[in-house]
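A quick write-up on the structure given underneath.
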Amino acid sequence: MQLFYREEGKGYPLIILHGLWGASENWLPVANLLAEHFHVFLPDLRNHGRSPRHPEHTYQAMSEDVREFITGLKLAVPPHIIGHSMGGKTVMELLLTYPSFVRKAILVDIAPVAYPLSAEHKRILHYMKSIPINEFKERKDLLISLRQQFPEEKFVQLVLKNISKTDKYFEWKTDPDFIQKNMENLCSYPATWEEATYRDPVLFIKGENSSYIQNITSILKYFPTARITTVAGSSHWIHAEQPEALAEIISAFLA
């Protein structure tokens, strides 16, 4: 699995993993703020962005992709790593399976618990599976369709990240069938975690208005030395809503 990636800045290596329906470009505003002190690598996870598609979309598979990605970079030191949402659980799998593979880790608005399939994810999946995307010829028509389905602009932009344009038509960057097939696993976490703990430095960052982190007991079960901080006024999409505050917290923890 040869992951597509972007890179910004120079300094200590830092890898950032996006969430479900996201892509590397979503995190460029944060990466640009960190670029003065860090060499930031932004891969697209499998079935996202410009990385290859594959029917297996599990945390074990994505963790192996990231491990191979890090190995392929041939870094002189273990990198720091950040993961948001699905990317955060991918980081958890990496930490619990290969605890010496990274230096410091940050998990953004995600906990090691099972989540119900959210209404937003259901709507995105339904739209992707029901709309003949390749019948749209003009971006304005596509936007009309998206805004009819998603009243909130942030979800319109999120879905747009999963659409590319050929010479003749639009197409999905992700395969909704692969995501739907693996959604139960993505909402939960691997059973192998029950026997594992990670005791090195790790920071959990919660969005004040997000419900993704509610109980610190589950975090301390697997990450007993974890620190937890909150970004005021932010939802689950902290990197889009509060990039400056998020970059400041990241820099302070990694310093």
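- Without hydrogens or angle criteria, Thr225 side chain to Arg199 main chain gives a donor-acceptor distance under 3.5 Å.
- Distance alone, capped at 3.5 Å, is enough to place a donor-acceptor pair between the Lys104 side chain and the Phe253 backbone.
- Nearest heavy atom pair, residue Ala247 against residue Leu33, reads CB-CB, 3.8 Å.
- Seen from the ring of Phe178, Arg46 does not count as a face-on cation partner, given the 6.0 Å and 45° thresholds.
- In this structure the side chain of Ile131 never reaches within 4.5 angstrom of the side chain of His126, judged on heavy atoms.
- How far CG of Asp65 is from CD1 of Ile70: 11.0 Å, rounded to the nearest 0.5 Å.
- Hydrophobic clustering of Ile, Leu, Val, Met, Phe, Trp and Tyr side chains at less than 4.5 Å, counting indirect connections, keeps Tyr115 apart from Ile238.
- Inter-residue side-chain proximity for Phe150 and Ile124 is flagged as met; some heavy-atom pair is nearer than 4.5 Å.
- The local environment of NZ in Lys10 is sparse, with at most 12 non-hydrogen atoms from other residues, nucleotides or ligands closer than 6.0 Å.
- A distance-only check finds no donor-acceptor pair linking the side chain of Ser24 to the backbone of Asp44 [under 3.5 Å].
- Under the 4.5 Å side-chain criterion, counting only non-hydrogen atoms from C-beta, Ile205 is not in contact with Ile213.
- Side-chain contact between Val231 and His239: absent, with no pair of heavy atoms (C-beta onward) separated by less than 4.5 Å.
- Pairs engaging residues 133-145 under the side-chain hydrogen bond (donor to acceptor under 3.5 Å, both in side chains) rule: Tyr127-Ser145 [sequence neighbours left out].
- Shortest non-hydrogen contact noted between Ala111 and Ser218 is CB-OG, 4.4 Å.
- Looking only at distances, no side-chain donor or acceptor of Thr230 sits under 3.5 Å from a matching main-chain atom of Ala232.
- Atom CZ of Arg67 and atom CD of Glu93 lie 11.5 Å apart (nearest 0.5 Å).
- Residues Ile110 and Gly88 share a closest heavy-atom pair of CG2-CA, 3.8 Å.
- Within the 4.5 Å cutoff, the side chain of Met128 has heavy atoms near those of the Thr174 side chain.
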Apply the test side-chain contact (heavy atoms from CB on, under 4.5 Å) to residues Phe223 and Leu107: give CA-CA distance (whole Å), side-chain angles for both, the deciding distance (0.1 Å), then the verdict. CA-CA 11 Å; Phe223 305 95; Leu107 291 307; 5.5 Å; no
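- Scanning for salt bridge (charged side-chain N to carboxylate O under 4.0 Å, His left out) contacts around Lys161 gives Glu25, with sequence neighbours left out.
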Residue pair Ile249, Leu203: steps toward the side-chain contact (heavy atoms from CB on, under 4.5 Å) verdict: CA-CA 10 Å; Ile249 293 169; Leu203 174 68; 3.8 Å; yes
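- The shortest side-chain heavy-atom distance between Arg147 and Glu153 falls under the 4.5 Å cut-off.
- Taking every heavy atom of both residues into account, Tyr59 and Ser188 meet most closely at CE1-O, 3.7 Å.
- Rounded to the nearest 0.5 angstrom, Trp172 CH2 and Ile133 CD1 are separated by 4.0 Å.
- Among all heavy-atom pairs drawn from Leu75 and Pro13, the shortest one is CD1-CB, 3.8 Å.
- Other residues, nucleotides and ligands contribute at most 12 non-hydrogen atoms within 6.0 Å of the CD1 atom of Ile216.
- The cluster map of Ile, Leu, Val, Met, Phe, Trp and Tyr, joined by side-chain heavy atoms under 4.5 Å apart, puts Leu254 and Phe101 in different clusters.
- In this structure a side-chain-to-backbone donor-acceptor pair under 3.5 Å is present from Asn47 to His54.
- Applying the 6.0 Å contact sphere to NZ of Lys181 captures no more than 12 heavy atoms from other residues, nucleotides or ligands.
- Linking Ile, Leu, Val, Met, Phe, Trp and Tyr whenever their side-chain heavy atoms come within less than 4.5 Å puts Leu160 and Leu20 in one cluster.
- A cation-pi arrangement is absent between Lys89 and Tyr189 under the rule of less than 6.0 angstrom and at most 45 degrees off the ring axis.
- Contact between Asp200 and Pro99 at its shortest, heavy atoms only, is OD2-O, 4.0 Å.
- At a threshold of 4.5 Å between side-chain heavy atoms, the hydrophobic network of Ile, Leu, Val, Met, Phe, Trp and Tyr places Tyr98 and Val102 in one connected group.
- The cluster map of Ile, Leu, Val, Met, Phe, Trp and Tyr, joined by side-chain heavy atoms under 4.5 Å apart, puts Tyr212 and Leu158 in the same cluster.
- Inter-residue side-chain proximity for Leu45 and Val66 is flagged as met; some heavy-atom pair is nearer than 4.5 Å.
- Under a cut-off of 6.0 angstrom, the local environment of CD in Glu194 is crowded, with over 12 non-hydrogen atoms contributed by other residues, nucleotides or ligands.
- At least one donor-acceptor pair under 3.5 Å links the side chain of His48 to the backbone N or O of Trp21.
- Taking CG of Leu28 as the reference point, atom CD1 of Ile16 lies at 9.0 Å (rounded to 0.5 Å).
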side-chain contact (heavy atoms from CB on, under 4.5 Å) evaluation trace for Leu42 with Tyr5: CA-CA 5 Å; Leu42 301 150; Tyr5 69 97; 5.8 Å; no
If you apply the rule side-chain contact (heavy atoms from CB on, under 4.5 Å), what do you find for Phe136 with Leu146, and how did you get there? CA-CA 12 Å; Phe136 290 99; Leu146 283 168; over 6 Å; no
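- Glu208 places no side-chain N or O within 3.5 Å of a backbone atom of Ser234 that could act as its donor or acceptor partner.
- Between Glu241 and Ser235, the side chains place a donor N or O and an acceptor N or O closer than 3.5 Å (distance only, hydrogens not considered).
- A distance of 10.0 Å separates CG of Asn26 from CD of Gln157, quoted to the nearest 0.5 Å.
- In this structure, CD1 in Ile179 is found 8.5 Å from CG in Asn162, a value given to the nearest 0.5 Å.
- Other residues, nucleotides and ligands place more than 12 heavy atoms under 6.0 Å from the CD atom of Glu171.
- The shortest side-chain heavy-atom distance between Val108 and Trp27 falls under the 4.5 Å cut-off.
- Between the side chains of Trp237 and His84, no donor-acceptor pair of N or O atoms lies under 3.5 Å.
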Output, in order, the C-alpha distance, side-chain angles, deciding distance and verdict of ring-ring contact (aromatic ring centres under 6.0 Å, His included) for Tyr198 and Trp193. CA-CA 10 Å; Tyr198 179 80; Trp193 290 11; over 10 Å; no
